[in-house]
Amino acid sequence: MQIEIVEKIDTGKLSLVLLCKENLEAVRAGVPNLPRDLELTAEDCNKEAQFRYWTADQRWLFYGMGHLEDVSPEAVRKLIHKAVGEANQTKASHLQIVLLGMTSHHDARLLAMALGEMPILSNYQFLVHKTQEVKKNTLENIYLLTDIADAKRLVKQAGIVAQAACLTRDLVNEPPNIITAETLAAQAQKHGKAAGIEVKVLHKKEIEELKMGGLLAVNRGSALPPTFTIMEYKPKNARNQKPVVLVGKGIVFDTGGLSLKPTPGSMDSMKCDMAGAATVIGTLVAIAQNELPVHVIGLLPATDNRPGYDAYTPNDVVTMMSGLKVEVLNTDAEGRMILGDALHYAKRYTPELVIDLATLTGAAVVALGSHATALMSTADREVTQRLAEAGERMYEKVAELPLWAEYDEQIKSDIADIKNIGGKGAGTITAGKFLQRFTDYPWMHLDIAGTAYLEGAIGWRPKNATGTGVRLLHEFLAHYA
Ligand code: BES
Ligand code: MN
Ligand code: ZN
C-alpha cells in the first residue's frame, strides 16, 4: 500500500471527508472542488452522521464526528477503518482522506498517526494459503490531505509501525506446520537483518550447554529441536545506558503436552501461542526502521508443546537455568517454563527494564476478555504508568493486576522450590508470580492471551491475529528516557 500526503483532492477518486462542527470552514477552503450543488451543514457534522455523495466524476464519503472535542484518535481510526471497507467493497483502488482544521487539536500527533496506520491495518489480509476464489482487497493507494503539523513524518513513522504489526499478524496466522521453532528463528533472522538488527540463534546444543531446563523440558515431547533467538538493536545515539529487554513466549503450538487440551475446543487456536515472540520481532523491526534512540534486546525462547514418547510429565521436577527447581503438575503450564529461563538469561545484560509478552493464561481471558492485556509490574510506578498511558493512546489497553506476596503461597511445592500451577483462583497472577522468581530487575509482564488472537473482529482489530503489542511497545519506547 502506498500512502502519500497531497496538497489537493483530485477528481476521479473515492474521497473520505471527516467533518466536525468546527472544521467546516477549513474543509470548504481546503477542498475547493467539493461538489457545487452540495451544501454542507452543521447537521452533516453530527456524530454518526454519514452520507455518500456521487457526482459524474467523483465519489464522496462524508463522515461526521460531532464537535472538535469529540474528535479522538480512536474515533478517527474507526472511521478510516469503515471507509477502507467501503473502498474495497466498491472495488476502489484509490482513497483520498481529508482531515482538516485539526492544527490545534490536543491529540493532533495521534490523529496524524491514525492516518498513517489505519489504511495498512484495515487493509490487512492473510491470503498466502488461498489458491482459489481469492477475494483480494482492491485498495492500493491512499492520498492524505491534512493540515496537522509534521504530518509527513508522523504518517511515515506510523505506517512503519502498522506494517510491523502486520508482520506480527502474518507470523501468528501462519500454521504450526510452517512456523516451527527453527523457522520462527529464521523469520526473526530474516526480518531482523533487513531492518539492521543483529540476530543470533542458539540451537539445541547451546541451549543444553546453557542448562535451560525449562525450555528443554517442554521440548522433550517434540520431534523438532528448540531455539533461543537473540535480537539486538543498538543505535549509536541510544538514550539508555543499559538495555531494555523484550522477552516473547514462542510456543509454536500448544497441545498442552501430556496434560492434553481438549479438542475441539481450547486447542483450536493454539498456533497463537507464539504471539509474544512474534510481537517482539514486530516491535524490534518497527523501532529499528524508525531509528528510535533506544538500545533494545529481544529474547525468543521457542518450541512446540506436545505429548511425545519422551514428553515431560506431571510430577517431574525440572531444574531451571537459574538453578531453581520446579515441580511440574500440569504440562499445559509450559509458557512459564520457557519464560523462566529467558527471564533468567536476561540478567546477563543488567537490563534497565525487562518486558515480557506471553499468551500465558486462559484466566487473563476470563478476567479481561479481549479488551485489555493484563499487566503485572515490579518497575517504578512512573514507568508502569507510562506503559498504561501508551496503551490508552494507541487503544491497546492494559489493566494492572497485583503481584502481592500473598499469592506466593499458591505456587509453593511440597517437594521442590515452586510448582508450575497455582490452583484455583488468580491464575493470571500466580503465573506472574512464577515468572517473578526469575527476575531481579525492573520488570513488566504482559499477558496477551485475550488480545493477541480474536474469534471475531472487534472494531478495527481483525479476526485471528491482531498484532496487539507492537503499536503499544513502539509508542512506549518512542517516549522512553
Ligand atoms: N497458551 C495457554 C494459555 C492461553 C489460553 C492462551 C487461551 C490463549 C488463549 C497456556 O499455555 C495454558 O495452557 N495455560 C493454562 C495454565 C494452567 C494449566 C495453569 C491455562 O490457562 O489453562
Ligand atoms: Mn499451555
Ligand atoms: Zn501455552
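Both counts, for ligands and for their atoms, begin at 1 and track the order of listing. Predicted, not measured: the structure shown is a model, and the values here were computed from it.
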Need the ligand 1 atom indices (1-based, order shown) with element for anything under 4.0 Å from a heavy-atom of [X].
X      : result
Ile421 : 19 (C)
Arg336 : 16 (C), 19 (C)
Glu334 : 11 (O)
Lys249 : 1 (N), 10 (C), 11 (O)
Met270 : 1 (N), 4 (C), 5 (C), 6 (C), 7 (C), 8 (C), 9 (C)

Under 6.0 Å from the ring centre and within 45 degrees of the ring axis: does the NZ or CZ of Arg348 meet both conditions for the six-membered ring of Tyr345?
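Relative to the ring axis of Tyr345, which defines the angle, Arg348 lies inside both limits.
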Cation-pi check, Arg169 onto Phe126 ring (under 6.0 Å, within 45° of axis)
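No, cation not above the ring by the 6.0 Å, 45° rule.
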Taking both backbone and side-chain atoms into account, decide whether Asp273 has an N/O/S atom under 2.8 Å from the Mn ion (ligand 2).
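So Asp273 does not count as coordinating the Mn ion (ligand 2).
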What's the separation between atom CE in Met113 and atom CZ in Arg77, rounded to the nearest 0.5 Å?
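Here the rounded value is 7.5 Å.
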Return yes or no for this condition: an N or O of [X] is under 3.5 Å from an N or O of ligand 1.
X      : answer
Asp332 : yes
Gly362 : yes
Asn420 : no

To the nearest 0.1 Å, how far is [atom] from its closest protein heavy atom, and which atom is that?
atom                    : result
atom 18 (C) of ligand 1 : Asn330 ND2, 3.4 Å
atom 10 (C) of ligand 1 : Leu360 O, 3.3 Å
atom 2 (C) of ligand 1  : Asp254 OD2, 3.6 Å

Should we count CD of Glu291 as having more than 12 external heavy atoms under 6.0 Å?
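Atom CD in Glu291 is not crowded, with 12 or fewer foreign heavy atoms closer than 6.0 Å.
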For the NZ atom on Lys47, are there more than 12 heavy atoms of other groups (residues, nucleotides or ligands in this structure) within a distance under 6.0 Å?
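Not buried by this count: 12 neighbours or fewer within 6.0 Å.
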Using the side chain to side chain donor-acceptor pair (under 3.5 Å) rule, pick out the option among Asp273, Asp356, Asp254 that qualifies with Lys249.
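That would be Asp273; it is the only one of Asp273, Asp356, Asp254 passing the side chain to side chain donor-acceptor pair (under 3.5 Å) with Lys249.
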May I ask whether Met274 has any heavy atom positioned less than 4.0 angstrom from an atom of ligand 1?
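Heavy atoms of Met274 never come under 4.0 Å of ligand 1.
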Contact flag Ala358/the Zn ion (ligand 3), N/O/S atoms, threshold under 2.8 Å
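Checking Ala358: none of its N, O or S atoms is under 2.8 Å.
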State whether Asp332 contributes an N/O/S atom found under 2.8 Å from the Zn ion (ligand 3).
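Looking at Asp332, which is the residue asked about, there is no N, O or S atom under 2.8 Å from the Zn ion (ligand 3).
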Less than 4.0 angstrom from a charged side-chain N to a carboxylate O is my criterion; do [X] and [Y] meet it?
X      : Y      : answer
Arg461 : Glu396 : no
Asp417 : Lys325 : no
Glu86  : Lys82  : no
Glu455 : Lys463 : no

Output yes when a protein non-hydrogen atom is found under 4.0 Å of atom 21 (O) of ligand 1, and no otherwise.
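Flag for atom 21 (O) of ligand 1 set to true, protein heavy atom closer than 4.0 Å.
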Kindly indicate whether the side chain of Thr439, heavy atoms from C-beta on, has any atom under 4.5 Å from the side chain of His445.
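Thr439 vs His445: side chains apart.
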Using the side-chain contact (heavy atoms from CB on, under 4.5 Å) rule, take Ile458 and Ser370 through it: C-alpha gap first, then chi angles, then the decisive distance, then the call.
CA-CA 9 Å; Ile458 303 177; Ser370 295; 3.8 Å; yes
If you stand at the Zn ion (ligand 3) and look out to OD2 of Asp254 and OE2 of Glu334, what angle do those two lines make, to 10°?
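That angle is 90°.
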Tell me which N, O or S atom of Asp273 sits nearest to the Zn ion (ligand 3).
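Within Asp273, restricted to N, O or S, the Zn ion (ligand 3) is closest to atom OD2.
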To the nearest 10 degrees, could you say what angle the Mn ion (ligand 2) makes with OD2 of Asp254 and OE1 of Glu334?
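Asp254 OD2 and Glu334 OE1 form an angle of 100° at the Mn ion (ligand 2).
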